[in-house]
Amino acid sequence: MDRIEVAKIGDGENSLNKNERFVKQITPKSEDFSRWYVEIIRKTEMADYAPMKGMMVIRPYGYAIWENIQQLMDMRIKDAGHENAYFPLFIPESFLRKEMEHLEGFAPEVAWVTHGGQEELEERLAVRPTSEAIIGSMYAKWIQSWRDLPVLINQWANIVRWEKVTRPFLRTTEFLWQEGHTAHETAEQAQEETIRILYLYKDFVEKELAIPVIEGKKSVREKFAGAEETYAIEALMSDGKALQMGTSHNLGQHFSKVFNIRFEDREQNLQYVWQTSWGVSTRLIGALVMSHGDDSGLRLPPQVAPFQVVVVPIALGDWKKDVLPWAEKINLDLRQKGIRVRLDSREEYTPGWKFSEWEMRGVPLRLEIGPRDVKENRCVAVRRDVQKKEILNLDSLVQLVPDLLRDIQTSLFHQALDFQRRNTHWAEDYEEFKETIESKKGFIKAWWCGDTGCEDKIKEETMATVRVIPIRQEEEEKAGRCVYCRKEGRELVYFARAY
RNA sequence: CGGGGAGUGGCGCAGCCUGGUUAGCGCGCCUGCCUUGGGAGCAGGAGGUCGUCGGUUCAAAUCCGAUCUCCCCGACCA
C-alpha cells in the first residue's frame, strides 16, 4: 500500500482535534476581511510597511513568490516571441504631454523629479507611471521599414503611482510589474497581439496561480488612458469583490502618431505603426492571498509556493540518529526531483508549532516523520488545501509527491472556480441587480446598452462597475434589455464591486 | 481628498477622562534545566526618552497645537 488516508483535520470522526483551529493568531476572514488580509501578509513575512506612506518592503517570503511568478511568466512571454529590455525610470514631462488623454489619465498620480542635486531641472522628469511614452520615443528611432516589424519587447520594472489609498500588494505607491510594448504593421496584427496576450495572461493565472478569471473588454470608462481598446482578466476574490489581474491594450496609432513612429510599408507608403501594451504586477500576490487564503492563513498553489514541501522530523528519543537521517534523505531525494523543499529540523520549536507556522505560510504539502514512521518505512503527509492526513510509503514517496502537488494545484483552482460560479448571478432588472449586489455580492451578469450614462448611474447607486464585456458573447442568449435604462441591450457584461 | 478610528519594548493590548512612586500585562526574545506525534513546563533575564515636533505646568504617556503613519467607510486608480 502506497497511500492510506487516515484523517481529515478539524472535523469528522477521525479528526485528530475536533473543531480546533491550529493557527490562532489571525483574525478570521468572516470577522474582518481587511484585517485578515493585512495580518496574513505581515505574519507570514511576505511584506511589511515601510516608514513612507503607501510603501512597503517585500520580504524574502513574498519576494520568492514574485520570483516564481516572474520566472513562469517570463518563459511564456519569451515563448510568445518577445525579448526583454530596460528603459529609463525618468520620463521628460514633454513626452507625457504628447498624448493628452494619456497625460490627463496619469497626471494625478505622477511623482515628479524637479531637482538634480542642488540645481532645478529645466524640465521636470516624471518617475514612470507606465512606459508608453519613453518607449514610443525610442521606437521612433528604431523603426524605419516594415522589415523592422514587429517589435516585441517586454520590460520588468518598478512603477510609481501616487495613489491616495493604498493596500499592501493591491495598490502601493511603488510596485513591480512586467510591461510589454509591441509595434506592428497592421491594425489586425496589433489586435491579434492584444488578444494573444490576454489569453496568455488568462492561462498563466489559471494554471500557475490557480485563480479562475473572466476575460473581456473594458468599458470606455475603465479603458487605459491613451488606448484604443483595453482588455482585462478579472477574478473574484473570496469576499465577493472583483480584482483586475492583468490588462492588455490595443493602442492603435495613438502613440505612433504623437511620437512619429513611422515605417515604409510593402507598397512603399509611409505609415504609422500599430501598437499594443500589456502588464501584470505584484498585485497578483495580493490576489493569491484573497483567492485561496483561509482562517489559518495562506494556501499557496504549488507552482508559485516558495516551498512546495516542508519536512518536519518528530524529535523523540534519540531522534538525531533514528529520525533525522531519514528526514534528510527525503529532503535530498525530493530536491533532486526538482521540488522546492524545506527541511525544518530546528530544535527550538516543537512539531506542533511548526505545523501551525507552515500552515499559516501556506506550504502546500507537509511531510511528518517520527520514530514510529521510520520503523514502518513511511511518513505522514498533510495537504494544506484540504487539511487531510495520509500515510505514504517512503519507497514510493518521490513518485507520489509530484502527483500530490499536481492534485493540490488543481484542487485549489477548482475550489476557486466553484466559488466564482456560486457567486456569479443573473440580474434581469435593476431591482434584482441592487438586491443581489447588496445581499450576495460577487459577479452580476446583466445586459447593458453600452451607454456610459447608465454605467455611471449604476456605479453611483450601487458602487458596482462594468468589470468586463466578455469577448465571446453567449450566443444562445438573445439580446435582452439594459438592466438600467431598459433600452435594447447591446452587450452581456459582468458587473461587480471591485478593488 | 472627505468622514470615522488608532499609534505605548518585536507583536497584541491596559494605563490617558481626573497630570504626580520605578509605565504594567499576555505573547515573543535571551540563559539554564526539562521537553518535542498539533503552537510544552519551570526558573532567571534583556528590551520602552509612550509616533514625531512644539506648547502649558513645579511636574506630561496623560492637557493643548501641529505633523507623520496605519486601519475602516466613501470619491480616483494595476
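Residue numbering restarts at 1 for every chain, and letters A, B, ... go by the order of the sequence lines. Keep in mind that the numbers below use all heavy atoms, side chains included, and drop hydrogens, waters and symmetry copies.
Checking the phosphate oxygens (OP1, OP2) of B:A78, no side-chain nitrogen or oxygen of A:Tyr201 falls inside 4.0 Å. Within the 4.0 Å cut-off from OP1 or OP2 of B:G39, not a single side-chain nitrogen or oxygen of A:Thr350 is found. Contact check, A:Tyr349 against B:A40: no side-chain N or O comes under 4.0 Å of OP1 or OP2. OP1 and OP2 of B:C68 both lie 4.0 Å or more from every side-chain N or O belonging to A:Lys53. Regarding contacts with the backbone of B:C77, every side-chain N or O of A:Arg283 stays at 4.0 angstrom or more from both OP1 and OP2. Here A:Lys459 reaches the OP1 or OP2 of B:C76: one of its side-chain N or O atoms lies under 4.0 Å away.
No engagement by A:Gly317 is indicated, since no non-hydrogen atom pair under 4.0 Å with the nucleic acid exists. Among the heavy atoms of the strands, none lies under 4.0 Å from A:Thr230. As judged by a 4.0 angstrom heavy-atom cut-off over every strand, A:Arg167 is placed among residues touching the sugar-phosphate backbone only. In this structure, A:Phe355 reaches the bases: a heavy-atom distance under 4.0 Å links it to at least one base atom across the strands shown. When heavy atoms are screened at a 4.0 angstrom cut-off, A:Met463 is found touching the sugar-phosphate backbone but no base atom. A:Asp32 comes within 4.0 angstrom of no nucleic acid atom, judged by non-hydrogen atoms across all strands. Among the protein residues, A:Tyr499 comes within range of the nucleic acid bases, having at least one heavy atom under 4.0 Å from a base atom. Among the heavy atoms of the strands lying under 4.0 Å from A:Val165 is at least one base atom, whether or not backbone atoms are also near. Within 4.0 Å (heavy atoms only), A:Leu243 reaches no atom of the nucleic acid at all.
For B:U52 and B:A61, the C1' atoms lie 14 Å apart once the distance is rounded to whole Å. B:G7 and B:C64 have their P atoms separated by 15 Å, with the value rounded to a whole Å.
Ion pairing between a basic and an acidic side chain is recognised when a charged N comes within 4.0 Å of a carboxylate O; A:Asp373 and A:Arg378 show such pairing.
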What string of B, S and - do you get for nucleotides 8-14 of chain B, 5' to 3', if B is base contact, S is sugar-phosphate-only contact and - is no contact with any protein heavy atom under 4.0 Å?
-----S-
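Between A:His102 and A:Phe106, the angle of the ring planes goes over 60°, which puts this pair in the perpendicular group of the 30/60° scheme. Using cut-offs of 30° and 60° on the angle between ring planes, the pair A:His249 and A:Phe224 is parallel.
Pairing analysis of RNA chain B (Watson-Crick: purine N1 to pyrimidine N3 plus N6-O4 or O6-N4; G-U wobble: N1-O2 and O6-N3; both under 3.5 Å) yields stems of 3 or more pairs at B:1-7 with B:68-74, B:10-13 with B:24-27, B:29-33 with B:41-45, B:51-55 with B:63-67.
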